[in-house]
Amino acid sequence: MADAKWYVVHTYSGYENKVKANIEKTIENRHLEDEILEVRVPMQDVMEMKNGARKNVQKKMFPGYVLINMVMNDDTWYVVRNTRGVTGFVGPGSKPVPLTEAEMKPLGIKVENITVDFAEGDTIAVVAGVWKDTVGVVQRMDYGKQTATINVELFGRETPVEISFAEVRSMN
């Protein structure tokens, strides 16, 4: 399988979240989870003065743009390009150009892959994040997103939780 890269999609201004939701729905409907890995609308915290009070709000870093981590092929290009609100990929003509590592660094997108010593069915301990000190059995591994889905007990029920590879360690 080809490597996934980050691409920039131009959208109508104000439609970024709608485009993100539409693409995610299409991914689910067409079972493209292995080809279109992630859709992001980069946000940043900004301090605003409103009625004399300081207020911390989130603003879009790039209004009119959405970032997509995907394997570029005819199907994925078609799905993204024909999503309502998308005006096109960033790049010359109809040829999308992936972001370079230098361009991704300021966006907080990690490029390096984490190698793990556990697999589906193994018991792992969560060592960081919201689920710290939780132990669970790996149900699913997503190497593209660098996450593992484990079942944890929540309110007396088994609940699947997605956790970053960086937050867990093997107990085997």
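What you see is a predicted model; the values in this text were computed from it and never measured. Note that the numbering runs from 1 along the sequence shown for the chain.
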- Pairs satisfying ring pair (Phe, Tyr, Trp, His ring centres under 6.0 Å), at least one member in residues 43-69, at least two apart: H10-Y65
- May I ask you to decide if the ring planes of F89 and Y7 are parallel, tilted or perpendicular, using 30° and 60° as cut-offs? perpendicular
- Task: Give the minimum heavy-atom separation between V71 and T76, together with the two atoms involved.
- Result: O-OG1, 2.8 Å
- Indicate the atoms forming the closest heavy-atom contact of N69 with A4, along with that distance. OD1-CB, 3.5 Å
- Message: Set out, in order, the CA-CA distance, both residues' side-chain angles and the distance that settles side chain to side chain contact (heavy atoms under 4.5 Å, CB included) for L99 and V8, then state yes or no.
- Response: CA-CA 8 Å; L99 291 174; V8 181; 3.7 Å; yes
- Step-by-step side chain to side chain contact (heavy atoms under 4.5 Å, CB included) determination, V161 to T149: CA-CA 5 Å; V161 176; T149 303; over 6 Å; no
- Task: Verify the cluster assignment for V97 and I68: are they in a single hydrophobic cluster under the rule of side-chain heavy atoms below 4.5 Å apart?
- Result: no
- Which pair of heavy atoms, one from M141 and one from A148, lies closest together, and at what distance? SD-CB, 4.1 Å
- Sidechain-backbone polar pair: N82 side chain, Y78 backbone, donor-acceptor under 3.5 Å: yes
- Message: For M72 versus P96, what's the shortest heavy-atom pair and its separation?
- Response: CE-CG, 3.5 Å
- I23 reachable from Y12 in the ILVMFWY side-chain graph, under 4.5 Å edges: yes
- Task: Output, in order, the C-alpha distance, side-chain angles, deciding distance and verdict of side chain to side chain contact (heavy atoms under 4.5 Å, CB included) for V39 and L67.
- Result: CA-CA 6 Å; V39 183; L67 301 178; over 6 Å; no
- Between R30 and V79, is there a donor-acceptor pair closer than 3.5 Å when you use the side chain of the first and the backbone of the second? no
- Rounding to 0.5 Å, atoms CD (E158) and CG (N151) come to a distance of 5.0 Å
- Task: Give a yes or no answer on whether the side chain of T11 reaches the backbone of G85 with a donor-acceptor pair at less than 3.5 Å.
- Result: no
- Note on the structure: E38 meets the salt bridge (charged side-chain N to carboxylate O under 4.0 Å, His left out) criterion, sequence neighbours left out, with R40
- Query: For E28, which residues count as a salt bridge (charged side-chain N to carboxylate O under 4.0 Å, His left out) partner, sequence neighbours excluded?
  - Reply: none
- So, does N73 use its side chain to make a donor-acceptor pair with the main chain of D75 at under 3.5 Å? yes
- Query: Which pairs pass salt bridge (Lys or Arg N to Asp or Glu O under 4.0 Å) with one or both residues in residues 12-27, sequence neighbours excluded?
  - Reply: E16-K60, K20-E24
- Message: For a 4.5 angstrom cut-off between non-hydrogen side-chain atoms, does E33 reach I27?
- Response: yes
- Message: Which residues pass the salt bridge (charged side-chain N to carboxylate O under 4.0 Å, His left out) test with E162, not counting sequence neighbours?
- Response: K145
- Test side chain to side chain contact (heavy atoms under 4.5 Å, CB included) on M49 and R54 and set out the steps. CA-CA 5 Å; M49 287 293 282; R54 291 171 150 255; 3.3 Å; yes
- Just wondering, do I36 and V80 contact through their side chains at under 4.5 Å, heavy atoms? yes
- Task: Verify the cluster assignment for V137 and I150: are they in a single hydrophobic cluster under the rule of side-chain heavy atoms below 4.5 Å apart?
- Result: no
- Message: Tell me if the CG atom of D74 is crowded by more than 12 foreign heavy atoms within 6.0 Å.
- Response: no
- Item | Test salt bridge (charged side-chain N to carboxylate O under 4.0 Å, His left out) applied to R140 - qualifying residues, sequence neighbours left out | D142
- Kindly say whether V46 contributes a backbone atom to a donor-acceptor pair with the side chain of E48 at under 3.5 angstrom? no
- Message: Nearest 0.5 Å, please: how far is NZ in K50 from NZ in K55?
- Response: 5.0 Å
